[in-house]
Amino acid sequence: MSDKKYIIVTGGAGYIGSHTVLALRNNGYHPIIVDDFRNANKDVIERLESLLDEEVIYFSAACQEEPRLRGIFSQFPIHGVIHFAAYKAVGESVEKPLMYFDNNFGSLISMLELIKEFNVKHFVFSSSCTVYGDPKQIPVDENSPVSYNSPYGFTKKVNEEMIEQFIESVSEIKAISLRYFNPIGAHESGKIGEEPDGIPNNLLPFITQTAIGKREELTIFGDDYDTPDGTCIRDYIHVADLAEAHVAALNYLADANDRTTVVNVGTGKGTSVMEMVNYFQEETGVDLNYRIGNRREGDIPSIYANTSKANNLLNWEAKRSIREAISSSWKFEQFIKEFRK
Ligand code: WQD
């Protein structure tokens with residue numbers, strides 16, 4: 001039997017997934033991408049291959065296509081599964097809750113059935129700081145109360161609980177849910193990054209698309225919050241650091257005493273929207289066209305992570321600065337403009 005550590009990465013062609021594939025490979029794991037490319041471009045695979053200088057193993061399949069996935073699980077001895085594949089747009093989930101329930105619950109159920117059937121011992125789940133809703137106290141730690149304010153948030157919260165109850169029913173499988181804060185940035189090469197479909201919801205892609213001329217202007221959603229400069233505060237984490245947290249999570253699971261756990265993955269530092277805009281202008285020298293607009297419905301004033309658990313349990317911490325994240329995103333925006341010509 002091969003002693004290679006094969007890791008199935010669902011959604012491995014997506015934004016966080018693709019960076020995690022690079023981090024896994026650079027740390028001795030053998031990622032296998034399972035993605036149906038409904039929300040990612042197939043050329044991500046070629047770009048990963050050029051960065052890694054080797055072929056990438058991938059299968060074009062949806063998580064709910066269990067017979068196809070069975071074929072993949074029986075072809076390789078699978079050490080672990082990292083499950084990214086999910087819908088993730090808060091606004092869309094309010095419009096189409098059933099689509100979110102079907103995909104985000106259905107995909108997780110398929111993956112849990114498969115790891116049980118094939119005796120896969122390690123499972124890493126993409127959760128979100130959205131499970132903290134509008135926190136009463138910040139920073140939030142893993143014991144802070146959880147709630148939800150969208151069908152999307154509801155799926156993440158319930159998914160975490162589904163994993164916990166599933167783990168009780170089996171022996172030997174260990175799982176971890178990583179609660180991501182706000183991922184930003186791109187690979188240092190500028191060749192892999194976030195490429196949203198249509199108008200970006202998230203702040204930094206909106207900034208870079210405005211700076212490059214794809215969007216007219218950035219609207220800052222409110223400057224009358226109870227924060228030092230009146231704009232909202234978030235914990236922006238470099239996607240390359242976040243990717244490395246997945247490697248740390250797999251390493252942890254191999255020797256973990258607890259069979260399920262949840263861990264915050266953030267930097268522990270809050271940054272306001274106005275600070276982000278200023279950092280962007282300073283880093284790139286581009287004058288950003290922006291205006292102050294109304295608050296966006298559903299936005300919370302402020303959240304950032306207490307990262308002690310990630311530091312102690314996973315032996316991981318965010319290393320890259322927010323400025324590095326911003327300049328790598330800008331590099332990617334310029335790269336992808338040429339690439340898509
Ligand atoms: C960041 C800040 C906006 C766009 C989302 C999801 C959450 C989680 C993380 C996955 C806010 C402001 C934004 C713009 C702006 N995702 N903004 N103008 O809202 O913190 O969280 O991503 O699990 O569930 O909701 O991220 O990037 O949308 O916004 O002023 O055009 O930027 O108001 O303060 P958010 P974001």
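Hydrogens, waters and symmetry mates play no part in the numbers below; they use all other heavy atoms, side chains included. Ligands are counted one by one from 1 in listed order, and the atoms in each one are counted from 1 as well.
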Contact between ligand 1 and Tyr180 is defined here as a heavy atom of the residue under 4.0 Å from a ligand atom; is it met?
no
Which atoms from ligand 1 have a heavy atom of Arg296 less than 4.0 Å away?
3 (C), 19 (O), 28 (O), 29 (O), 36 (P)
Is the terminal nitrogen or CZ of Lys42 (NZ for Lys, CZ for Arg) located under 6.0 angstrom from the six-membered ring centre of Phe37 and within 45° of that ring's axis?
yes
For the 3.5 Å polar cut-off, considering only N or O atoms, please tell me whether Leu203 and ligand 1 meet it.
yes
Main chain of Ala13, side chain of Asp35: is a donor-acceptor contact present, judged purely on distance under 3.5 Å?
yes
Considering distance alone, does some N or O of Cys232 sit under 3.5 Å from an N or O of ligand 1?
no
Can you name the atoms of ligand 1, numbered from 1 with element, that are less than 4.0 Å from a heavy atom of Asn201?
4 (C), 28 (O)
From atom 17 (N) of ligand 1, work out which of Phe206, Tyr132, Phe221 has a heavy atom at the shortest distance.
Phe221
Can a donor-acceptor pair be found between the side chains of Thr267 and Asp235 at a distance below 3.5 Å?
yes
Look at Arg320 together with Glu244 and state whether they make a salt bridge at an N to O cut-off of under 4.0 Å.
yes
Can you tell me if Ser272 and Asp229 form a side-chain donor-acceptor pair at under 3.5 Å?
yes
For atom 1 (C) of ligand 1, what is the nearest protein heavy atom, given as residue, atom name and distance?
Tyr236 OH, 3.4 Å
Among all protein heavy atoms, pick the one closest to atom 18 (N) of ligand 1 and tell me residue, atom and distance.
Thr219 O, 2.8 Å
Suppose I only count heavy atoms of Thr130 and a 4.0 Å limit; which atoms of ligand 1 are within that range?
24 (O)
Non-hydrogen atom of Tyr148 closer than 4.0 Å to ligand 1
no
Pick out which of Leu24, Ile176, Asn27 makes a side chain to side chain contact (heavy atoms under 4.5 Å, CB included) with Leu250.
Leu24
Atoms of ligand 1 under 4.0 Å from any heavy atom of Ile220, numbered from 1 in the order shown, are 30 (O)
Arg68 NZ/CZ over Phe59 ring centroid, <6.0 Å and within 45° of normal:
no
Specify the protein heavy atom at minimum distance from atom 8 (C) of ligand 1: its residue, its atom name, and the distance to 0.1 Å.
Ser128 OG, 3.9 Å
Minimal non-hydrogen separation, Phe332 against Gly190, with atom names:
CD1-O, 3.2 Å
Check each atom of ligand 1 against the heavy atoms of Val273 and keep those under 4.0 Å away; list them by number with element.
2 (C), 12 (C), 30 (O), 32 (O), 34 (O)
At less than 4.0 angstrom from any non-hydrogen atom of Tyr152, what atoms of ligand 1 do you find?
10 (C), 23 (O), 24 (O)
Please report whether the ring centroid of His30 lies less than 6.0 Å from that of Tyr6.
yes
Atom 11 (C) of ligand 1: which of Met276, Arg234, Arg295 has the nearest heavy atom?
Arg234
Counting non-hydrogen protein atoms only, what is the nearest one to atom 22 (O) of ligand 1? Give residue, atom name and distance.
Asn202 ND2, 3.7 Å
Checking Lys309 against Thr261: is there a side-chain donor and acceptor pair closer than 3.5 Å?
yes
Any idea which of Leu204, Thr231, Val90, Asn182 brings a heavy atom closest to atom 26 (O) of ligand 1?
Asn182
Just wondering, more than 12 heavy atoms not from Glu216 lying within 6.0 Å of its CD?
no
Taking 4.0 angstrom as the limit and counting only heavy atoms of Asp299, give me the atoms of ligand 1 inside it, by number and element.
3 (C), 19 (O), 33 (O)
